[in-house]
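To keep things clear, I will list the structure first and then write my remarks on it.
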Amino acid sequence: MNYAAPKGTRDILPPETAEWQAVERLFSEVAGLFGYGEIRIPTFESTEVFQRGVGDATDIVQKEMYTFDDKGGRSITLRPEGTAGVVRSFVQRGMSSQPYPIKLYYMLNMFRYENVQEGRYREFHQLGLESFGAEGPEIDAEIIALLQLFFDRVGLKETHLNINSIGCADCRAVYHEALKDYFRPHLNELCEDCRKRFEINPLRILDCKVERCQTIAKEAPLLQDFLDDDCRTHFEGLKKELDALGLKYRVEPRLVRGLDYYTRTVFEYVSDHVGTQGTICGGGRYDKLVEALGGPKVPACGFAMGEERLLLEMAAQKVSLMPEQSASLYIGSIGDEAGIAARRLGFALRTKGIRVETELCGRGVKGQMKYAGKSGLRYSMILGDNELATQTAELKDMNSGEKQTVRLDDAEALYTALTKG
RNA sequence: GUGGAAUUAGCUCAGUUGGUUAGAGCGCCAGUUUGUGGCAUUGGAGGUCGUGGGUUCGAUUCCCAUAUUCCACCCCA
């Protein structure tokens, strides 16, 4: 093979693309039911947008970005996530002058330089949304309700919702110190990574998978106990709202997100099937991000869902959104004259919305029928001298094998015959 | 960035203890049937045995490097 797609990228081919289209159509529909409109933003931004937006200390910015200088010497980065770009657009386009809340959804490809595994690629796709201007927990709950409706419509079960509150900058500062005080005596027992985390972001130690670290972290103080009154009230409000809407969740005190911009509410949907890449969807509140990117004080909340992971989960749970095959016909032919007649009839039927295929590879009748059967076409007919002379043909139902005689010069009757079943 | 496994036809995989033209099933094309698919039967096309080096009279097979995929870390969607 001379050329291969770059590591971590994939070609998505039919019929799989039909499944993608169906998922995206459904996501657009459900988002629309909640008042969200689609936003499309550039594939690349100034590198600074992500350094500021996602956070300089995060793994994404430190080691996973596709960054390069363009010919004008500007530092450009392929988007590794959607939120920073949407917020940049929000600020640049002055969207805060529109009535709150401003609700935007997106379906975009993302780029991260990572080691590849199933459900984890260097170019991948996210379905996500952001809402700006609403501060209360009601909108957090509404977003979760939107996700629940989406999963229901897709037909997914067995995905768990975990929620937590990581407080605001004020309570986190107090908690940080408390955590450090707790871990300091154990510093020598922690793994190498955690000793680094101790300096950079001790919150992450809670997430560590190393058994020894987990044992130590078990007794660590919980962020819950350090939330200030406003943050605590907000989190209690969220739980109350979720209960009222009948949405099931689990409070996961150790749930921490890897992006710096989150405040207060964080949540994720986790699957049991998709290996270690079980997080299908993650999100939360980011009340300070708009300001951080030079905009006004506007609270915000959103999530992003991995489309590849969603589709993997759908496959694991054996659900499919493949659309039903609509009316379709194969018109075969013998001879040049009949070929022209077949293509002319086909064109006429297509203008009426029927899927039609004709012979384009010069096959014999048997080969033509074989193609019609394998291509999933519902009906077939073969045109030859007799059919042209009598203007009638045998219309064959490819499922039952039954045949009926139809007139070729009565377009209305032919259309009825093709669409009735 | 770290560690492990895999890579042979379009797909799923055999195989060669190093030796002439590398196999199967499925798929594709065609014949049996000068005009009707799925079954049967016969034939055909399709492979630089991931890539590049090395050892050897000779490498798809052994060695080294490298790429890709998968898995575990890490991290995230």
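Every chain is numbered from 1 and lettered A, B, ... according to where its sequence line falls, protein lines coming before strand lines.
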Apply salt bridge (Lys or Arg N to Asp or Glu O under 4.0 Å) to residues A/Glu45 and A/Arg79 and explain how you reach the verdict.
CA-CA 7 Å; A/Glu45 300 271 356; A/Arg79 60 179 169 230; over 6 Å; no

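For B/rC49 and B/rC71, the C1' atoms lie 25 Å apart once the distance is rounded to whole Å.
Taking atom CG on A/Asn399 and atom C1' on B/rU36, their separation rounds to 16 Å, with Å as the unit. B/rC74 atom P lies 11 Å from atom CG of A/Asp59, rounded to whole Å. As rounded to whole Å, 10 Å separates atom C1' of B/rG37 from atom CD1 of A/Ile382. For the pair A/Met314 CE and B/rA77 P, the interatomic distance rounds to 21 Å; values are reported in whole Å. Put simply, CZ on A/Arg112 is 9 Å from C1' on B/rC75, counting in whole angstrom units. When rounded to the nearest whole Å, the span between NZ of A/Lys374 and P of B/rC29 equals 7 Å.
The base of B/rG37 sits within donor-acceptor range of the side chain of A/Lys396, with an N or O pair under 3.5 Å. Side-chain atoms of A/Glu387 come within donor-acceptor range of the base of B/rG35, with a qualifying N/O pair under 3.5 Å.
Ionic pairing of A/Arg40 and A/Glu38 is present here: one or more N-O contacts between side-chain nitrogen and carboxylate oxygen are shorter than 4.0 angstrom. For the pair A/Arg153 and A/Glu29, the salt-bridge criterion is met [side-chain N within less than 4.0 Å of a carboxylate O]. A salt bridge links A/Glu142 to A/Lys103: one of the charged nitrogens lies within less than 4.0 Å of a carboxylate oxygen. Between A/Glu402 and A/Lys396 there is no salt bridge, since no side-chain N of the basic residue sits under 4.0 Å from a carboxylate O of the acidic one. Checked for salt-bridge contact, A/Arg355 and A/Glu357 meet the test: a charged N lies under 4.0 Å from a carboxylate O.
The listed nucleotides are B/rC70, B/rC76, B/rC71; the one nearest the side chain of A/Gln117 is B/rC71. With B/rU36, B/rC71, B/rA77 as the choices, the nucleotide that has an atom nearest any side-chain atom of A/Gln126 turns out to be B/rA77. The side chain of A/Lys366 sits closest to B/rC39 out of B/rC39, B/rA77, B/rU69.
Under the 6.0 Å cut-off for aromatic ring centres, A/Tyr330 and A/Tyr379 do not qualify, their centroids lying 6.0 Å or more apart. The six-membered or imidazole ring of A/Tyr175 lies near that of A/Phe226, with a centre-to-centre distance under 6.0 Å.
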Determine which bases of RNA chain B form Watson-Crick or G-U wobble pairs with both distances under 3.5 Å, and write the result as a 5' to 3' dot-bracket string with | for other-strand partners.
(((((((..((((.....[...)))).(((((.......))))).....(((((..]....))))))))))))....

Pick out the pairs of N or O atoms, protein on one side and nucleotides 1-3 of chain B on the other, that lie under 3.5 Å.
from  : atom 1 : to       : atom 2 : distance (Å)
B/rG1 : O6     : A/Asn115 : ND2    : 3.4
B/rU2 : O4     : A/Asn115 : ND2    : 2.7

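In this view, A/Phe111 satisfies the ring-ring contact (aromatic ring centres under 6.0 Å, His included) rule with no residue, not counting sequence neighbours.
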